[in-house]
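Given the structure is predicted, the values throughout are model-derived calculations rather than measurements. Lettering of chains follows the sequences in order, A, B, ..., and the numbering in each one begins at 1.
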Amino acid sequence: MPELPEVEITKRSLSKQILRKKVSSVTIINPELRYNINKEKLTLLKGKIIKKIIRRSKYILIFFNDTNVLLIHLGMTGRFYYTKTNGRKFNTSFYNNTNIINKHDHLKIKFGKFSLIYNDVRKFGFIKRIQKKNVVTSNHLSRLGCEPLSNKFCFNYLKSKILNKKSSIKNLLMNQSIVAGLGNIYVNETLYFCKIHPEKKGYKIVDKDIRKLISVIKKILKNAIIAGGSTIKNYHNSEGKKGSYQKNFHVYDREGKKCLRISCKGKIRRIKRSGRSIFYCSKCQT
DNA sequence: CGGGACTCCTGAGGGC
DNA sequence: TGCCCTCAGGAGTCCC
C-alpha cells in the first residue's frame with residue numbers, strides 16, 4: 001500500500017480503532033519480516049494503553065502510556081486488518097467475521113473484543129518496539145528529510161537539496177532524506193504535472209520548476225489522501241475500504257496509452273532504471 | 001562521499 | 001495445465 005497517502009490513511013484508521021485501547025494480548029504468528037519480530041519485547045506491551053499514533057514519512061509510530069513505542073513500516077505489502085475475537089458482530093464492515101489466521105499474517109494484537117492483525121505478503125515491512133527517548137535518534141527516522149505537506153517543504157529547502165546534484169530529479173524526489181514519504185507512483189505523477197523529464201539532472205532544474213514541484217507535490221498528496229490513497233492489486237486499507245486515487249493516475253501504469261493533455265499527442269513511455277519503472281510522456285516532459 | 005545497481009520475498013499474469 | 005519470465009507502492013547495502 002505504502003506511500004505517504006496510504007500510510008496516512010492507515011494511521012487515521014488505526015487512530016480511529018485503537019487509540020486509548022488497552023492491549024489484552026500480543027501473539028506473534030510469523031516473526032519473519034525485514035527485521036524479525038522480537039517476541040519477548042512485543043509481549044511486554046500487554047496491559048499498556050495506546051496514547052498517541054503519528055505518521056512520519058512512511059513510518060507509523062504508536063506511543064503507549066509508558067516509554068514504549070511501536071515503530072512500523074509497511075514495506076511494499078504490509079497492511080492491517082481487524083478481526084473480532086468473540087461471537088458478536090460489529091455494526092461496521094471493518095471487521096472480518098472470522099478468527100481464522102490468514103496466509104501472511106505476522107502479528108496479532110488483541111484489544112478485548114477485537115484484534116488488530118498485521119499481514120505482509122512480501123515481508124519487506126517491520127514492526128519494532130523502541131523507547132520513546134530513542135525515537136528521534138533512531139536510524140530509520142534520524143536521516144529523513146522534510147515532510148512534503150509541512151511548511152518547511154518550500155522552494156528554498158528543495159533548491160538547497162538539488163542544487164548541485166548530478167542525480168536525476170526522479171531519484172532525488174524518491175530519496176527519503178530529501179522528501180520524506182514520496183514513492184514511485186507519486187513521483188511519476190508529480191513529474192508529469194510539472195512537465196519535467198524524470199531523468200533530468202537535479203542541478204538543471206530551474207527555479208520556476210522547483211516552485212512548481214513544491215506546489216504539485218503538495219496538491220497530489222492532499223488529493224490522494226482525500227481519495228483514500230491508491231489501491232493497486234486489491235490491496236485495501238485496514239478498514240477494508242479501497243482508495244480511489246489510482247483513477248487519477250496520468251502516467252503511472254499507463255504505458256503505451258495517450259498523454260491525457262489535450263494539446264499533446266504524445267504516448268506514455270515506460271523505462272527501467274535499477275529495476276524500477278519510470279512512466280512519462282515522451283513529448284511533453286522535457 | 002555520491003550515485004547507481006542489487007537484494008530481500010511472494011504472488012500475479014503473460015507467453016509458449 | 002504448467003513452466004518460465006517479468007513485474008510489483010521500499011529501502012538497506014554494496015561497489016565503483
Side-chain angles (χ1 to χ4, degrees), chain A residues 1-11 30-37 55-60 71-80 102-106 118-128 138-145 148 160-191 198-204 217 220-221 224-225 227-238 242-249 251-256 270-279:
Chain A
M1 281 210 356
E3 292 183 49
L4 187 153
E6 294 75 30
V7 179
E8 176 64 23
I9 294 297
T10 302
K11 176 231 137 185
N30 176 3
E32 290 177 26
L33 286 172
R34 173 179 278 279
Y35 312 112
N36 282 5
I37 298 173
R55 177 193 60 73
R56 170 75 171 112
S57 185
K58 299 171 196 170
Y59 296 88
I60 293 170
L71 175 62
I72 299 162
H73 194 287
L74 303 173
M76 291 278 245
T77 51
R79 64 190 181 97
F80 287 104
N102 289 301
K103 204 172 180 185
H104 310 303
D105 284 352
H106 291 271
Y118 179 72
N119 181 286
D120 192 340
V121 174
R122 292 178 70 185
K123 303 179 182 153
F124 290 165
F126 67 82
I127 298 184
K128 262 185 188 177
S138 117
N139 286 338
H140 298 100
L141 303 179
S142 63
R143 296 183 206 113
L144 289 174
S160 74
K161 292 289 184 183
I162 68 175
L163 193 57
N164 301 310
K165 293 294 195 298
K166 290 171 193 162
S167 279
S168 67
I169 187 64
K170 201 266 185 177
N171 281 350
L172 292 167
L173 295 179
M174 294 271 291
N175 184 335
Q176 301 301 297
S177 70
I178 297 178
V179 194
L182 289 184
N184 205 32
I185 288 180
Y186 296 104
V187 167
N188 275 287
E189 293 296 307
T190 293
L191 292 170
E199 298 205 284
K200 193 164 183 174
K201 311 274 188 205
Y203 68 86
K204 287 188 177 173
I217 287 168
I220 286 180
L221 292 177
I225 291 170
S230 302
T231 297
I232 296 179
K233 295 183 181 175
N234 290 324
Y235 290 127
H236 49 72
N237 71 33
S238 42
K242 290 182 180 182
S244 65
Y245 193 76
Q246 68 280 3
K247 292 172 189 165
N248 295 320
F249 289 170
V251 282
Y252 185 81
D253 206 21
R254 293 195 67 245
E255 185 184 11
R270 178 167 75 104
I271 53 173
K272 291 211 77 179
R273 290 294 177 268
S274 51
R276 309 205 65 181
S277 287
I278 302 178
F279 297 91

*Report the distance from atom CZ of A:Phe126 to atom P of B:dC9, rounded to the nearest whole Å.*
17 Å
*asked:* So if I take every side-chain heavy atom of A:Ser230 and compare against C:dG9, C:dA8, C:dG12, which nucleotide ends up nearest?
replied: C:dG9
*Nearest to the side chain of A:Ile185 - C:dG10, C:dG9, C:dA8?*
C:dG9
*asked:* Less than 4.0 angstrom between a side-chain N/O of A:Thr77 and OP1 or OP2 of B:dC9, yes or no?
replied: no
*asked:* Taking B:dC6 as the reference, what is the distance to C:dT6 when you measure between their P atoms (whole Å, please)?
replied: 13 Å
*What distance separates A:Phe279 CZ from A:Asn188 CG, expressed to the nearest 0.5 Å?*
7.0 Å
*Nearest-Å distance for atom pair NZ/P, residues A:Lys272 and B:dC6*: 10 Å
*Base, sugar-phosphate alone, or nothing: which one does A:Arg143 contact when heavy atoms must sit under 4.0 Å apart?*
nothing
*Quick one: the side chain of A:Arg276 and the base of C:dA8, do they pair up donor-acceptor inside 3.5 Å?*
no
*Name the closest nucleotide to the A:Ser274 side chain, picking from B:dC9, C:dG9, B:dA5.*
B:dA5
*A:Arg270 side chain near C:dC7 phosphate (N/O to OP1/OP2, under 4.0 Å)*: yes
*Taking only the side-chain heavy atoms of A:His104 (C-beta and beyond), determine which of B:dA5, C:dG10, B:dT10 contains the nearest atom.*
B:dT10
*asked:* Any non-hydrogen side-chain atom of A:Leu74 less than 4.5 Å from a side-chain atom of A:Tyr118?
replied: yes
*Could you state the CG-P distance from A:Asp120 to B:dC8, rounded to the nearest angstrom?*
17 Å
*Describe the nucleic acid contact of A:Lys201 in one word from base, sugar-phosphate, nothing, applying a heavy-atom distance below 4.0 Å.*
nothing
*Does a side-chain heavy-atom distance below 4.5 Å link A:Leu4 with A:Arg55?*
yes
*asked:* Please report the distance, rounded to the nearest Å, between NZ in A:Lys103 and P in B:dC9.
replied: 16 Å
*asked:* With rounding to the closest Å, how many angstrom separate the P atoms on C:dC14 and B:dC9?
replied: 15 Å
*Quickly work out the A:Lys161 NZ to B:dG2 C1' distance and round it to whole Å.*
14 Å
_Donor-acceptor under 3.5 Å (A:Glu3 side chain, A:Gly183 main chain)_ = yes
*Is NZ or CZ of A:Lys128 both nearer than 6.0 Å to the six-membered ring centre of A:Phe126 and within 45° of the ring axis?*
yes
*How far apart are the C-alpha atoms of A:Asn171 and A:Asn175, what are their side-chain angles, what is the distance that settles it, and do they pass the side-chain hydrogen bond (donor to acceptor under 3.5 Å, both in side chains) test?*
CA-CA 6 Å; A:Asn171 281 350; A:Asn175 184 335; over 6 Å; no
*asked:* Is it the case that the side chains of A:Ser277 and A:Arg270 hold a donor-acceptor pair, with the cut-off being a distance below 3.5 Å and no angle test?
replied: yes
_Can you give me the closest heavy-atom contact between A:His106 and A:Glu32, atom names plus distance?_
CE1-O, 3.0 Å
*Which part of the nucleic acid, if any, lies within reach of A:Tyr59 when heavy atoms closer than 4.0 Å are counted: base, sugar-phosphate only, or nothing?*
sugar-phosphate
_By a 5.5 angstrom centroid cut-off and a 30 degree plane limit, is there stacking between A:Phe124 and C:dA11?_
no
*Establish, with yes or no, whether the OP1 or OP2 oxygen of C:dG9 is under 4.0 angstrom from a side-chain nitrogen or oxygen of A:Lys58.*
no
*C1' spacing across the pair C:dG10 / B:dG13, given as an integer number of angstrom*: 22 Å
*Under 3.5 Å, is there a donor-acceptor pair between the A:Asn184 and A:Lys170 side chains?*
yes
*Between C:dG9 (C1') and A:Glu8 (CD): distance, integer Å*: 16 Å
*Below 4.0 Å: OP1/OP2 of C:dA11 and any side-chain N or O of A:His73*: yes
*What closest approach, in Å, do A:Gln176 and A:Ser57 show between heavy atoms, and which atom pair accounts for it?*
OE1-OG, 3.3 Å
*Give each stem of DNA chain B as a range with a range, requiring at least 3 consecutive Watson-Crick or G-U wobble pairs whose two distances are under 3.5 Å.*
B:2-8 with C:10-16, B:10-16 with C:2-8
*Residues from residues 164-184 of chain A sitting under 4.0 Å of DNA chain C, heavy atoms only?*
A:Gln176, A:Gly183, A:Asn184
*Looking for any heavy atom pair under 4.0 Å, which part of the strands does A:Tyr35 touch: base, sugar-phosphate only, or nothing?*
sugar-phosphate
*Separation of C:dT6 C1' from A:Arg122 CZ (nearest whole Å)*: 12 Å
*Are any of the side-chain heavy atoms of A:Pro5 and A:Tyr245 separated by less than 4.5 Å?*
no
*asked:* Nearest whole Å is fine: how far is B:dT10 C1' from A:Lys123 NZ?
replied: 8 Å
